[in-house]
Peer 1: 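This is the structure I want to talk about, given as structure tokens.
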Protein chains: 2
Amino acid sequence: MTTIRKVAELAGVSVATVSRTLKSPDVVTPATRAKVLEAVEAAGYEPNMIAVQFRSRRTRNLVVLVPTIANTFFARVISGIQEAAHQRDYRVLLCNTLGREDSEEAYARMVTRRQADGVIQLRAYNPFSGSHLPTGAPLPMVNACEVLDNAPCPTVKLDNRSAARSLIEHLIALGHRRIGMIKGPRRSPLTRDRVAGYRDALDAAGIVIDETLMLPGDFTPKSGFEAAALLVHGPNRPTAIFCESDEMAIGALQRIKQAGLSVPDDISVVGFDDIAFASYSDPPLTTISQPAEAFGREAVAMLIDVLEDRMPETSHLVLPYELVIRESTTTIDVARH
Amino acid sequence: MTTIRKVAELAGVSVATVSRTLKSPDVVTPATRAKVLEAVEAAGYEPNMIAVQFRSRRTRNLVVLVPTIANTFFARVISGIQEAAHQRDYRVLLCNTLGREDSEEAYARMVTRRQADGVIQLRAYNPFSGSHLPTGAPLPMVNACEVLDNAPCPTVKLDNRSAARSLIEHLIALGHRRIGMIKGPRRSPLTRDRVAGYRDALDAAGIVIDETLMLPGDFTPKSGFEAAALLVHGPNRPTAIFCESDEMAIGALQRIKQAGLSVPDDISVVGFDDIAFASYSDPPLTTISQPAEAFGREAVAMLIDVLEDRMPETSHLVLPYELVIRESTTTIDVARH
DNA sequence: TTGAAAGCGCTAACAT
DNA sequence: ATGTTAGCGCTTTCAA
């Protein structure tokens with residue numbers, strides 16, 4: 001293995017000079033620099049990054065805590081994280097937590113064990129709750145997408161409440177008054193905020209909420225499919241359904257059609273996220289487009305700011321959404337209902 | 001920061017004893033073990049993993065080279081990798097390469113720079129081509145999914161040729177003879193093998209191949225959509241289309257229906273991969289189910305075997321596929337064609 | 001501008 | 001069974 005020592009010998013300089021040439025080329029004379037670089041080349045020298053990290057007490061590794069990668073939306077967020085991290089010469093340690101808090105805590109320990117500098121958490125949970133972290137220093141974490149209410153760190157999220165509200169307002173404008181909702185996991189802030197937006201819109205329109213039209217789901221197509229069955233065959237069939245994710249909406253679409261009903265003629269359906277498949281479903285989905293990659297990029301930018309002792313400009317970012325109207329929603333057909 | 005030295009003082013033993021207690025508890029007496037563990041607890045000691053890695057010359061980090069995470073299939077493979085790595089106390093460094101060879105080489109350099117122990121490559125390219133690696137030692141790499149023809153390392157793949165063949169045989173059994181194909185990227189071994197399987201089946205049935213029915217795609221729904229347009233409006237419309245990925249099949253489905261044609265009554269469609277959305281498309285897709293997570297798990301197992309100087313039992317694994325018949329294929333309707 | 005030298009926190013001979 | 005000690009490869013004072 002070629003070490004810095006061998007390069008130093010080859011170039012006829014000290015190891016300190018080699019180190020300096022590599023880190024801050026401008027503090028050595030052009031002549032030495034040339035000599036050293038030539039020796040590096042000749043020796044086929046590759047620095048031992050672990051030694052560098054050990055000595056400099058920084059790894060440039062970022063831990064990413066994601067409930068599940070096999071979800072189109074998270075996959076896009078991770079793409080954004082990876083891209084931004086790479087650009088700044090940071091690495092991404094990917095951790096699939098399945099939403100389990102003990103495993104999130106275990107992964108966060110990579111920071112206290114100095115194997116990574118910080119964590120990007122995509123769930124509303126603080127994995128450092130019980131850990132011995134140098135007090136005084138800011139928490140080496142950024143919370144994105146699903147965000148804690150009183151996050152002890154910078155956050156990036158969507159205004160889920162008003163996004164949901166605008167989706168429902170769109171349905172109300174089309175004449176719908178009996179609007180069902182397929183929700184996300186019960187305890188998620190995402191669900192809470194989107195339900196609030198749903199209520200906001202209905203309240204503003206003077207529509208009284210029918211709690212039997214609000215069913216739980218878990219963001220998977222399967223759960224959308226199952227919840228839709230209940231809605232479709234229930235005593236009080238809605239004329240429109242708000243699904244808290246496109247994946248659930250795609251499941252719902254299938255179930256509704258299986259019941260011999262048409263989307264949007266019998267039932268309008270709206271989703272959330274605007275995943276790639278949302279425009280290829282039948283019919284294409286009206287949904288909320290989220291800047292998934294941007295969540296990742298912003299989270300990285302803020303985390304690195306924290307790690308490098310810069311104050312992030314804003315510590316609680318709210319990214320913009322967009323209502324995308326496609327063919328899964330239409331005006332209510334009085335003849336049919 | 002609490003170091004092993006402080007724990008040693010607290011426990012009244014040497015640092016070596018602390019180290020031993022943590023690594024191989026059975027070589028110290030129960031009494032010392034108890035003392036040490038108590039001191040560890042009292043001091044809130046967290047070992048500095050970078051120091052451990054530095055000293056032991058092993059990181060237990062695995063680099064994963066993936067063309068794009070935002071692809072449902074790769075996302076599942078990565079899930080499998082992460083799960084298996086975690087189980088064996090290895091970490092996953094995720095690298096999105098966009099299929100660029102220079103960036104794959106840059107990431108592979110993490111191994112020569114001792115930041116990771118090995119790489120799992122999901123594309124048919126050897127990123128170590130030009131690097132100074134200790135000769136004699138086996139290449140610290142496993143190639144999975146899309147595999148090099150003469151891979152210099154263990155591999156895990158599907159028998160793409162016979163999988164494609166069985167898909168086409170299914171169509172032929174339904175009476176189809178004019179079968180189009182929407183291919184993957186031109187230079188990919190995946191494409192080559194699947195095209196070979198397609199030819200095998202047609203040749204065996206005595207059907208002469210119409211090259212104008214074979215169109216290029218890039219695995220995205222959009223490319224499936226566009227290629228389908230050409231097939232549908234071409235002079236010699238096929239009665240069935242084989243898409244080399246479910247994502248392209250979903251794009252094709254939409255385009256075919258837009259042309260006022262029915263799937264499967266006018267055109268049968270088959271995909272490849274069996275992604276989650278394949279059973280929620282309209283109609284649900286007939287496809288080849290691949291054990292995506294298993295690719296990841298097997299790749300990890302073989303890589304760790306190589307890294308820990310064990311010979312992997314088999315170095316070229318071929319995982320089984322399954323033909324999944326859903327509603328996107330049916331017997332050819334003579335009245336319509 | 002360059003070199004000498006200390007030492008980051010830990011493991012693993014080797015000695016006891 | 002435990003302790004002593006020599007580094008792993010690098011960065012960074014400090015001195016020249």
Side-chain angles (χ1 to χ4, degrees), chain A residues 1-37 39-40 43-60 89 109-117 132 134, chain B residues 1-40 43-61 89 109-117 132 134:
Chain A
M1 186 183 167
T2 338
T3 70
I4 200 173
R5 162 151 269 109
K6 190 162 295 167
V7 174
E9 284 167 15
L10 249 168
V13 299
S14 72
V15 293
T17 300
V18 176
S19 175
R20 277 191 282 255
T21 308
L22 265 19
K23 287 280 176 249
S24 24
D26 33 302
V27 309
V28 301
T29 51
T32 358
R33 197 186 312 152
K35 262 193 313 190
V36 171
L37 260 20
V40 163
Y45 172 65
E46 297 271 12
N48 179 327
M49 293 311 288
I50 292 298
V52 172
Q53 291 174 21
F54 175 45
R55 177 58 230 227
S56 58
R57 294 150 163 287
R58 299 202 42 223
T59 60
R60 303 185 80 87
D89 192 27
R109 223 165 291 137
M110 293 172 72
V111 173
T112 50
R113 297 192 169 188
R114 317 246 98 113
Q115 176 143 49
D117 298 344
H132 317 264
Chain B
M1 188 182 166
T2 335
T3 70
I4 199 173
R5 163 151 269 110
K6 190 160 297 167
V7 175
E9 287 168 12
L10 249 166
V13 298
S14 71
V15 293
T17 300
V18 176
S19 176
R20 277 190 285 254
T21 309
L22 266 19
K23 287 278 176 247
S24 22
D26 34 301
V27 309
V28 300
T29 52
T32 0
R33 197 185 313 152
K35 261 194 312 189
V36 171
L37 260 19
E38 194 182 336
V40 163
Y45 172 66
E46 297 272 11
N48 180 328
M49 294 311 289
I50 292 298
V52 173
Q53 292 174 20
F54 175 45
R55 176 59 228 226
S56 60
R57 294 150 163 287
R58 299 199 44 221
T59 60
R60 303 185 82 85
N61 288 161
D89 192 27
R109 222 164 292 137
M110 293 171 73
V111 173
T112 51
R113 298 193 169 186
R114 317 247 97 111
Q115 175 142 50
D117 298 343
H132 319 264

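Within every chain, numbering begins at 1; the chains are lettered A, B, ... in the order of the sequence lines, protein sequences first and strands thereafter. From a predicted model like this one, the values you see are computed outputs, not experimental measurements. We use all heavy atoms of the structure for the numbers below, so side chains are in, but hydrogens, waters and symmetry mates are not.
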Peer 1: What is the distance from CZ of A/Arg33 to P of C/dT1, rounded to the nearest Å?
Peer 2: 10 Å
Peer 1: Kindly say whether, by distance alone, the side chain of B/Arg55 makes a donor-acceptor pair under 3.5 Å with the base of D/dG7?
Peer 2: yes
Peer 1: Main chain of B/Val15, side chain of B/Ser19: is a donor-acceptor contact present, judged purely on distance under 3.5 Å?
Peer 2: no
Peer 1: Answer yes or no as to whether D/dC10 has its base stacked against A/Phe54, where stacking requires a ring-centre separation under 5.5 angstrom and planes under 30 degrees apart.
Peer 2: no
Peer 1: Please work out if A/Ser56 contacts a base, only the sugar-phosphate, or nothing of the nucleic acid, heavy-atom cut-off 4.0 Å.
Peer 2: nothing
Peer 1: Is A/Ser14 near enough to C/dA4 that one of its side-chain N or O atoms lies under 4.0 angstrom from OP1 or OP2?
Peer 2: no
Peer 1: When the distance from CD of B/Glu9 to P of D/dG3 is rounded to whole Å, what number comes out?
Peer 2: 13 Å
Peer 1: On DNA chain D, check which nucleotide each of A/Arg20 and B/Gly12 is closest to and give me the residue with the more 5' one.
Peer 2: B/Gly12
Peer 1: Between D/dT2, C/dG3, D/dG9, spot the one nearest the side chain of A/Met1, thanks.
Peer 2: D/dG9
Peer 1: Between atom CZ in A/Arg114 and atom P in C/dG9, what is the gap in whole Å?
Peer 2: 9 Å
Peer 1: Given atom CG of B/Leu22 and atom P of C/dT11, what is their separation to the nearest angstrom?
Peer 2: 8 Å
Peer 1: For the side chain of A/Arg20 and the backbone of A/Val28, is there at least one donor-acceptor N/O pair under 3.5 Å apart?
Peer 2: no
Peer 1: Between C/dA5, C/dT11, D/dC10, which nucleotide has the shortest distance from any of its atoms to the side chain of B/Val52?
Peer 2: C/dT11
Peer 1: Starting at CE of B/Met49, measure out to CZ of A/Phe54 and round the result to the nearest 0.5 Å.
Peer 2: 13.0 Å
Peer 1: May I ask you to verify if any side-chain N or O of B/Thr17 is less than 4.0 angstrom from the OP1 or OP2 atom of D/dT2?
Peer 2: no
Peer 1: Which part of the nucleic acid does B/Arg57 contact within heavy-atom distance under 4.0 Å: base, sugar-phosphate only, or nothing?
Peer 2: sugar-phosphate
Peer 1: Out of C/dG3, D/dA1, C/dG9, which has the shortest distance to the side chain of B/Asn48?
Peer 2: C/dG9
Peer 1: Counting only heavy atoms not in A/Arg58, do more than 12 fall under 6.0 Å of its CZ?
Peer 2: yes
Peer 1: Whole angstrom is fine here: how far is it from NZ in B/Lys6 over to P in C/dC10?
Peer 2: 11 Å
Peer 1: For A/Thr29, answer base if it contacts any base atom (sugar-phosphate contacts may also be present), sugar-phosphate if it contacts only those atoms, and nothing otherwise; contact means non-hydrogen atoms under 4.0 Å.
Peer 2: sugar-phosphate
Peer 1: At what distance, to the nearest 0.5 angstrom, does CD of B/Glu9 lie from OG1 of B/Thr3?
Peer 2: 7.5 Å
Peer 1: Within the pair A/Tyr45 and D/dG9, is there a side-chain N or O less than 4.0 Å away from OP1 or OP2?
Peer 2: no
Peer 1: Check every atom of C/dA12, D/dA1, D/dC10 against the side chain of B/Ala16 and return the nucleotide holding the closest atom.
Peer 2: C/dA12
Peer 1: For B/Thr17, does its backbone N or O pair with a side-chain atom of B/Thr21 as donor and acceptor, under 3.5 Å?
Peer 2: yes
Peer 1: Tell me: CZ of A/Arg5 to P of C/dA6, nearest whole Å?
Peer 2: 13 Å
Peer 1: Whole Å only: how far is the NZ atom of A/Lys35 from the C1' atom of C/dT1?
Peer 2: 11 Å
Peer 1: Looking at the side chain of B/Ile4, which of C/dG3, C/dT11, D/dG3 is the nearest nucleotide?
Peer 2: C/dT11
Peer 1: What is the separation between atom CD1 on B/Ile50 and atom C1' on D/dC8, rounded to the nearest whole Å?
Peer 2: 14 Å
